[in-house]
**Student:** 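So that we are looking at the same thing, I have put the structure below in structure tokens.
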Amino acid sequence: MRDSSSTRFIRFHLKIRHLVLLVELGRHASILHAAEAAGLTQPGASKLIGELEHALGVPLFERLPRGVAPTWYGKVLIRRASAALAEMDAAHQEIIQGQAGFGGRVCIGSVLSPASSLVPQALKLLKERNPRIQVAVSVEGSNTMVEQLRAGELDIVIGRIHDPAAGVELDFEPLADEARSLVVRAGHPWLERSDLGLEDLAEAAWILPPPGRLRDRLMALFIARGLPQPADIVETLSLPLVTRLLAQGERVVALPTGLVQAELEAGTLAVLPFELGLRADVYGIVTRKRHQLSPSAGAMLAALREAAGLASRVPPILPPPLQA
């Protein structure tokens with residue numbers, strides 16, 4: 001429950017132009033450029049910031065020689081302002097699409113493994129029931145997508161929560177973890193070796209995900225043995241690029257085998273005879289706490305739960321009938 005001071009702040013101090021300016025300041029880190037993007041003058045923007053800082057009693061931005069940087073309080077307000085504007089935009093789009101007889105729009109994000117299996121299954125279920133729903137799918141790292149979810153840019157994420165502070169604001173329905181195997185092209189010379197060790201892998205040419213928890217764990221295997229970390233690295237999350245790079249040479253990648261099952265069965269890729277002992281954290285369906293999903297996002301969530309086998313454990317969120 002909100003206290004009276006919070007209610008007074010929202011009702012008497014906070015205005016839409018404050019929210020717009022905050023979001024633009026988060027994008028530009030310059031009062032001048034943020035003011036131009038928000039349709040304000042620089043003195044007008046400075047006045048709005050001053051009003052917020054006075055009402056809240058905390059500094060929101062640090063004034064630098066070139067631009068501004070948000071304080072911790074400023075970052076909180078920017079994130080919440082972005083979410084609030086995203087909610088109003090979603091409401092506007094939902095009303096317009098409902099009037100036109102469309103099925104609405106939902107934006108989801110997924111880490112690589114469920115993006116190649118769970119998400120397509122869920123999309124098939126969703127489209128069989130309501131082909132008019134428009135779905136935008138992005139594939140990124142969990143940290144990036146969770147921040148987009150908190151800011152209201154995504155409706156649902158299939159990924160991991162690494163930041164405990166973010167976890168307080170989110171609901172998490174666990175799905176699975178992923179064992180990683182070392183995948184190479186068919187005919188790779190190491191496939192015939194029974195004495196393959198970490199020393200060899202330290203010298204290998206690798207394909208790695210962007211910096212993050214999984215990559216840190218992989219590098220920790222070398223560090224714990226006093227070995228140098230691999231130096232010849234290509235960094236990507238693009239599965240088509242990964243398979244192309246593997247086919248072109250001697251590179252190694254740590255992947256769940258399910259991602260390349262078709263290539264393994266076709267004999268174009270193979271798994272090295274080395275037990276890496278590396279598993280990613282459990283991924284799951286992530287949504288915002290105390291947030292009412294739109295009918296289209298609710299239908300997407302129900303399809304994801306059904307495709308993941310969660311439908312019998314979690315009551316689905318079903319949308320009301322859409323206008324004809």
Side-chain angles (χ1 to χ4, degrees), residues 2-96 105 107-109 136 138 140-155 157 159 161-170 210-212 286-292 294:
R2 289 194 181 96
D3 60 28
S4 57
S5 62
S6 177
T7 301
R8 284 197 301 273
F9 170 70
I10 294 171
R11 291 185 178 180
F12 302 117
H13 296 288
L14 196 61
K15 302 177 178 65
I16 289 293
R17 61 176 180 268
H18 287 127
L19 301 180
V20 174
L21 177 60
L22 284 167
V23 170
E24 295 302 336
L25 280 165
R27 290 173 179 161
H28 298 287
S30 160
I31 293 179
L32 175 61
H33 294 153
E36 291 175 348
L40 301 167
T41 64
Q42 185 172 357
S46 297
K47 181 182 177 182
L48 289 178
I49 296 171
E51 290 174 357
L52 287 174
E53 291 181 326
H54 177 73
L56 291 167
V58 295
L60 298 177
F61 295 91
E62 180 184 358
R63 276 66 174 178
L64 303 174
R66 295 184 179 180
V68 294
T71 63
W72 182 86
Y73 305 106
K75 290 178 181 177
V76 170
L77 212 54
I78 288 170
R79 188 179 76 249
R80 297 292 188 171
S82 178
L85 291 179
E87 284 293 301
M88 295 310 299
D89 181 64
H92 181 229
Q93 293 299 321
E94 196 173 322
I95 289 171
I96 290 175
R105 177 180 171 85
C107 298
I108 68 172
S138 62
E140 297 277 356
S142 290
N143 290 343
T144 298
M145 294 188 299
V146 164
E147 286 309 304
Q148 292 172 339
L149 178 67
R150 295 173 77 192
E153 297 168 16
L154 293 175
D155 299 298
V157 165
I161 302 175
H162 294 144
D163 182 2
V168 174
E169 303 174 18
L170 304 170
V286 190
T287 51
R288 283 180 282 162
K289 287 184 184 291
R290 297 177 295 277
H291 168 68
Q292 181 64 49
S294 68

**Student:** Would you name the heavy atoms of S138 and M145 that are closest together and state the gap between them?
**Tutor:**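 The pair with the smallest heavy-atom distance is O-SD, 4.1 Å.
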
**Student:** Once you round to the nearest 0.5 Å, how far does CG of L40 lie from CZ of R17?
**Tutor:**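 Result: 8.0 Å between the selected atoms.
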
**Student:** At what distance, to the nearest 0.5 angstrom, does CD of E62 lie from OG1 of T71?
**Tutor:**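 Here the rounded value is 8.5 Å.
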
**Student:** Is L52 close to L22 at the side-chain level, that is, under 4.5 Å between some pair of heavy atoms?
**Tutor:**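 They are in contact (side-chain heavy atoms under 4.5 Å apart), so the answer is yes.
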
**Student:** How long is the gap from CD on Q42 to CG on L32, to the nearest 0.5 Å?
**Tutor:**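 Reported value, rounded in 0.5 Å steps: 5.0 Å.
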
**Student:** Is any side-chain heavy atom of I49 closer than 4.5 Å to a side-chain heavy atom of L25?
**Tutor:**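 The answer is yes, as the side chains (C-beta and beyond) meet within the 4.5 Å cut-off.
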
**Student:** Does the side chain of H162 come within less than 4.5 Å of N143's, by heavy atoms?
**Tutor:**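 N143 reaches H162 side chain to side chain.
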
**Student:** Sequence neighbours left out, cut at 3.5 Å: what donor-acceptor pairs do the side chains of residues 77-86 make with other protein atoms?
**Tutor:**
{"unit_1": "R79", "atom_1": "NH2", "unit_2": "E169", "atom_2": "OE2", "d": "2.6"}
{"unit_1": "S82", "atom_1": "OG", "unit_2": "A151", "atom_2": "O", "d": "3.2"}

**Student:** Is there side-chain contact between P70 and L60, with heavy atoms separated by less than 4.5 Å?
**Tutor:**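 Answer no - side chains too far apart.
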
**Student:** Measuring only between side-chain heavy atoms, which start at C-beta, is V58 closer than 4.5 Å to E53?
**Tutor:**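 Of all side-chain heavy-atom pairs linking E53 with V58, none is under 4.5 Å.
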
**Student:** Kindly compute the distance separating NE2 (H33) from NE2 (H28), expressed to the nearest 0.5 Å.
**Tutor:**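 Atom-to-atom, H33:NE2 and H28:NE2 are 8.5 Å apart.
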
**Student:** Treating R63 as the side-chain partner and F61 as the backbone partner, does any N or O pair qualify as donor plus acceptor under 3.5 Å?
**Tutor:**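 Confirmed, R63 side chain pairs with F61 backbone.
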
**Student:** Could you tell me which residues satisfy side-chain hydrogen bond (donor to acceptor under 3.5 Å, both in side chains) with E51, sequence neighbours excluded, listed by chain and number?
**Tutor:**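 H18.
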
**Student:** Does some side-chain heavy atom of V68 sit less than 4.5 Å from a side-chain heavy atom of S30?
**Tutor:**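 They are not in side-chain contact.
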
**Student:** Please round to the nearest 0.5 Å and tell me the distance separating atom NZ of K289 and atom CG of L170.
**Tutor:**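 CG of L170 is found 8.0 Å from NZ of K289.
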
**Student:** Kindly give the heavy-atom pair with the smallest separation between L21 and A45, and that separation in Å.
**Tutor:**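 In this case the closest contact between L21 and A45 is CD2-O, 3.5 Å.
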
**Student:** Within the structure provided, determine whether V146 and R150 are in side-chain contact (heavy-atom separation under 4.5 Å).
**Tutor:**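 Heavy-atom side-chain distance check passes, below 4.5 Å.
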
**Student:** Is the backbone of I108 close enough, under 3.5 Å, to the side chain of D155 for a donor and an acceptor to pair up by distance?
**Tutor:**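 No, the answer is negative, given that no donor and acceptor are paired below the 3.5 Å cut-off.
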
**Student:** Does I161 offer a backbone N or O that forms a donor-acceptor pair with the side chain of S142 under 3.5 Å?
**Tutor:**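 Checked: no pair found.
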
**Student:** Under 3.5 Å, is there a donor-acceptor pair between the side chain of T144 and the main chain of E140?
**Tutor:**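 Not a single qualifying donor-acceptor pair exists.
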
